[in-house]
Structures are given as C-alpha cells and as structure tokens.
There are 2 protein chains.
Amino acid sequence: MTFSEENYLKTIYHITSSSGTEVSTNAIAEKMETKASSVTDMLKKLADKELIVYQKYKGVILTDKGSHLAKMIVRKHRLWEVFLVDKLHFPWDEVHDIAEQLEHIKSEKLINKLDDFLGNPTEDPHGDPIPDSSGLIKKSNKLLLSEVELNKEYRCIGVKDSSSDFLKYLDKQKISLGSTFVVKERENFDDTLLVEVNSRKVTISNKIANNLFVH
Amino acid sequence: MTFSEENYLKTIYHITSSSGTEVSTNAIAEKMETKASSVTDMLKKLADKELIVYQKYKGVILTDKGSHLAKMIVRKHRLWEVFLVDKLHFPWDEVHDIAEQLEHIKSEKLINKLDDFLGNPTEDPHGDPIPDSSGLIKKSNKLLLSEVELNKEYRCIGVKDSSSDFLKYLDKQKISLGSTFVVKERENFDDTLLVEVNSRKVTISNKIANNLFVH
DNA sequence: AATTATTTTTAGACAAATCTAAAAATATAT
DNA sequence: ATATATTTTTAGATTTGTCTAAAAATAATT
Ligand SMILES: [Mn+2]
Ligand SMILES: [Mn+2]
Ligand SMILES: [Mn+2]
Ligand SMILES: [Mn+2]
C-alpha cells in the first residue's frame, strides 16, 4: 500500500465512524484537501483491491479488510503520538503532524514492540482510543462538557478537536486530561458555562464545552 | 526533498566517503539497484537543486549543501537504529531495513529530541559514527582484525559489513561490539586466524577478519 | 413534471520516477 | 591510429497521483 492509499483509507474510516453511513466523494475530497476527481480515481483503485465497496454515485464503505487496515494505521498514529509525548516530551499540540508521517512506517514487529515499550496504552495524548493489534477498540462512555449536569464532578478524558489552536488554549487555561470539572452555572442566552477546573473558576464558551469529553 | 532524492544523496555520500573521488553513474545505479538512465535523470534534478556538481560523462560530487543534507539523513538512520536496539530490543541484524524508512521522517525537533532521549550516542549498533546536529563526525582510528599484530589485545568496535547474514554469524560465534580479541596464530596459506574471543578459542576466516573493526 | 443546482464521474493533461532501446561519448585493445 | 568495448546520455513509453474542464447523474426547487 502506498502512503496515498493509506491516507484515503484512514480518512474514509474516520468519516464513517462519526457519520455511520456511506461516505461521499465530496466528503473525502474536503477532508483530504483534494479534488473530487482525484478521489474518484483513488476509489476505483481501492475498490479493485477490495478495501472498499464502491458503486458509482452511491458513496463508499470499507470492507472488513479495509476497515482492519485503517485501524492498523490509526493504531500506529496514536502509538507514535504517545511515544512523542511520553518519551520525547513533545507538547500535545505538536505530535499530530509527525505522527502523520510515522503512521506509514511498515513493520508489524516495530509497532508491537513500540506498544510494549509504551506499556500498552489504551489512549493517545488526546484521549482517543488505541486499537490493539487485532483491531479491537476499548470504547469508553464519554460525555461532552456541554451536556453535563450542574454541580456534579467530572473528569476530562479527551478532546474532540485536537487542532493546535484548541490545545494551546487549553494549555493556557491549565486544562489537561485528568482535570476535574464542576459546572456551577449555565448562562441561558449563549450556554456559556461557569466551571470549577481543579477548584479554579473558569468561564467556558459553548464551543469549547462542545469539544471537551468528560466522564 | 522526496524520499528518492534523499536516497540518491545518501548513496552518493556513502560511495564518496569510501572512494574519495567523483562518483560514476554506474556506481550509483549498482548500489541503488536501478538503471543508469534513471540515475542520469535524477542527477540532473539534484544538480538543478545545487546538491551535487554534475558534468555530463564526468561523474558527480556533493556540494557542501548536499553533503550536509546527506549527513543529516545518515544521522537520522543511525539514531533510529540505536533506538530500535537500545529501547525496543531489536536484534542488530533487523534494524537496518526499518531505519531505511525512518530516516525519511521530516522533523528536526524530533531527531534532536530522539538524540537526547538516547543519551547522545556517538555510534550506531554496528559501530558506525553518528553525525551530530551540525554534521560533525567523531572519527575513531580503527583497524581491521585482519591487519592486527599477534598476541596483542584488541576490542571489537564495529563491523564493516552489516548484512543480516554476517551479523547472524557473529551472534552464533558470540562476537559482539566490545568483545576482546587476541590473535594467537595466522595461517600463512589462507590467512585464517586463530583468535581468542573473550578467552574462548575461535577460528576466523580472512573474509570475516576483513569485516571486523578493532581498536 | 420540468427546471435548476449540486454532486460525481470522465476525458485529457501534467509532473515525478522509473524503464527499454538506441545514440553518443569515453575508454580499452589491437 | 583504428577498431572494439564500455559507460553514459537521450528519446520515448509507462505508472502513480494529481489537476482542470466538460459531461453525466442525482438532488432540490419551482
Ligand atoms: Mn493525531
Ligand atoms: Mn491523537
Ligand atoms: Mn543501517
Ligand atoms: Mn548501522
């Protein structure tokens, strides 16, 4: 598999797991910042290799084979992210781009040894689950901070958006995975929250609250 | 730079540092297992980028810029090899192929952090020197076991050939970097050596002795 | 139901990296 | 010095992944 094929597969996997249904040509093109015509070309190739089921104009879904391969790429991506943060002490907002490269390194033995070296982590630095070597994903029942009850204690377990901008904002507000949240007030007009973060009062907009997973 | 450009640059660097003079098209083609015509095409590209000095039919040499870039690729290759052996406990004969992939990962910050994480090693698992971040290489005065005096003690500090076959042979004979050698006898007919390896008597052919660096 | 808008696919072009076959330059041998 | 052999370069083709522009299919509106 080429880097390009792997990137398409991973993108289709990510869109599927949030939408659930068939993935459209345009949705792929948008996420990959490429043209729809390029996507169509690649879909034919992936269909030939039986990694996706593709019917003209109908969108695509991954086959079992394609889904497994996609999960293996995600596994590599997230394990490398753990390595970069835990071992090399990269800040969590700088690891994604490097992991985009490392996820294409081909060696099953390497990734399994890396997994052991890291202590078989189940989550990456952004709280996303790491598939195990057979593709199994431990899913946690997570809530968005925006949907949470007042005056109950929650722990931050992940971020929905892991853009550098958002992660740097969280650093500035001293919010990280493991922080405790108690929502004290919800402003009716714009759903802004008044939250105690590790007992420190912080005002959090609805947009921010919509991108923080808690438990 | 593309992977292909990096591989050509590295190959030219390696041939230069053993031969010293201009590198011929055919020498590159042979080492890269490709055709001379493909090499010519790439040489034009590298010359356009001022990474090599190229005159038709005259062979090539690296510019300062090209030489520095080549050393940075070698640096990455060897640091990753150290990581694989020291941290992930790969056997030393399995790391080269994986490092061939990892050497193309682009991030200066990554490689410098990796360097620190590994304790700034000066040599890779095969005894080859690791250029520092400015391209400086600490060179050691090493001898081949085949050229050594009788009844003097030497230490194994590197291998010239690092093919899997040779490294596995050394594992079988329990020879590794740091082993002590005392050559007791040299057979005149074929230069076979009788060597005490860590006080254990071993017969070593001339071909083997020609691929072991000692000090 | 017919028209308009959007999405998707096709057709054809292009850059990168490779190849084969042929031509040109250089090196070797008689 | 001439002929022969080797090395290197060019010419032209191929594969992969991309693009633009146009055509075809599907979806949304009137
Ligand atoms: Mn990521
Ligand atoms: Mn992540
Ligand atoms: Mn190597
Ligand atoms: Mn090495």
Side-chain angles (χ1 to χ4, degrees), chain A residues 1-13 15-16 18-62 66 69-70 73 100-101 103-106, chain B residues 1-13 15-16 18-62 66 69-70 73 100-101 103-106:
Chain A
M1 268 218 294
T2 64
F3 283 21
S4 191
E5 289 171 337
E6 291 190 341
N7 284 332
Y8 274 93
L9 221 52
K10 192 182 51 154
T11 299
I12 295 168
Y13 173 78
I15 300 174
T16 310
S18 59
S19 80
T21 63
E22 290 83 15
V23 181
S24 75
T25 302
N26 259 4
I28 298 168
E30 197 170 330
K31 205 154 216 166
M32 299 198 60
E33 295 181 298
T34 184
K35 301 291 160 170
S37 56
S38 306
V39 174
T40 303
D41 285 346
M42 183 57 85
L43 293 184
K44 288 174 185 168
K45 198 177 309 174
L46 294 175
D48 280 349
K49 297 193 173 185
E50 300 187 304
L51 300 174
I52 59 172
V53 179
Y54 169 56
Q55 293 182 91
K56 277 191 204 177
Y57 298 101
K58 301 290 181 185
V60 297
I61 49 169
L62 293 169
L69 282 173
I73 302 162
E100 285 291 304
Q101 299 180 62
E103 73 189 2
H104 300 292
I105 302 293
K106 273 142 198 99
Chain B
M1 269 219 293
T2 65
F3 283 21
S4 191
E5 288 171 336
E6 291 190 340
N7 284 332
Y8 274 93
L9 221 52
K10 193 182 51 155
T11 299
I12 296 168
Y13 173 78
I15 301 173
T16 310
S18 59
S19 80
T21 64
E22 289 84 16
V23 182
S24 74
T25 303
N26 259 4
I28 299 168
E30 198 170 329
K31 206 154 217 168
M32 299 199 59
E33 297 181 295
T34 183
K35 303 290 162 171
S37 56
S38 306
V39 174
T40 303
D41 285 346
M42 183 57 85
L43 294 183
K44 288 175 184 167
K45 197 177 309 177
L46 294 175
D48 281 349
K49 296 192 173 185
E50 300 187 306
L51 300 174
I52 60 173
V53 179
Y54 169 57
Q55 294 181 91
K56 277 192 203 175
Y57 298 101
K58 301 288 182 188
V60 296
I61 48 167
L62 293 169
L69 280 174
I73 300 162
E100 284 291 304
Q101 299 180 62
E103 71 188 5
H104 300 292
I105 302 293
K106 273 142 198 101

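A, B, ... follow the sequence lines: proteins, then strands. Residue 1 opens every chain.
Summarising the geometry, the separation between CD on B:Gln55 and P on D:dT9 is reported as 11 Å, rounded to the nearest angstrom. One interatomic measurement links the two molecules: NZ of B:Lys58 to C1' of C:dA25, which rounds to 10 Å at whole-angstrom precision. One interatomic measurement links the two molecules: CG of B:Asn7 to P of C:dA16, which rounds to 17 Å at whole-angstrom precision.
Evaluation of the side-chain hydrogen bond (donor to acceptor under 3.5 Å, both in side chains) test over residues 27-40 of chain A, restricted to residues two or more places apart or in two chains, returns none.
Base pairing in DNA chain D yields stems of at least 3 consecutive Watson-Crick or G-U pairs, both distances under 3.5 Å, namely C:1-30 with D:1-30.
Looking at residues two or more places apart in sequence or on another chain, you find a ring-ring contact (aromatic ring centres under 6.0 Å, His included) between A:Phe3 and A:His104, B:Phe3. Applying the salt bridge (charged side-chain N to carboxylate O under 4.0 Å, His left out) rule to A:Lys106 yields the partners A:Glu6; only residues at least two apart in sequence or on another chain are considered. Every residue two or more places apart in sequence or in another chain was checked for a salt bridge (charged side-chain N to carboxylate O under 4.0 Å, His left out) with A:Glu50, and none qualifies. With sequence neighbours excluded, no residue satisfies salt bridge (charged side-chain N to carboxylate O under 4.0 Å, His left out) with B:Lys58. Partners of A:Lys49 by salt bridge (charged side-chain N to carboxylate O under 4.0 Å, His left out), not counting sequence neighbours, listed by chain and number: A:Glu5. Not a single side-chain hydrogen bond (donor to acceptor under 3.5 Å, both in side chains) links B:Gln101 to another residue, sequence neighbours left out. Partners of B:Lys10 by side-chain hydrogen bond (donor to acceptor under 3.5 Å, both in side chains), not counting sequence neighbours, listed by chain and number: B:Glu100, B:Glu103.
Using a 4.0 Å cut-off on heavy atoms, the residues of residues 18-35 of chain A that approach DNA chain C are A:Ser24, A:Thr25, A:Asn26, listed by number.
Inter-residue side-chain proximity for A:Leu43 and A:Ile28 is flagged as met; some heavy-atom pair is nearer than 4.5 Å.
When the options B:Leu51, B:Val53, B:Val60, B:Leu62 are evaluated for a side-chain contact (heavy atoms from CB on, under 4.5 Å) with B:Leu46, the one that passes is B:Leu51.
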Contact pattern, 5' to 3', of nucleotides 10-17 of chain D - B, S or - by protein heavy atom under 4.0 Å: B-----SS
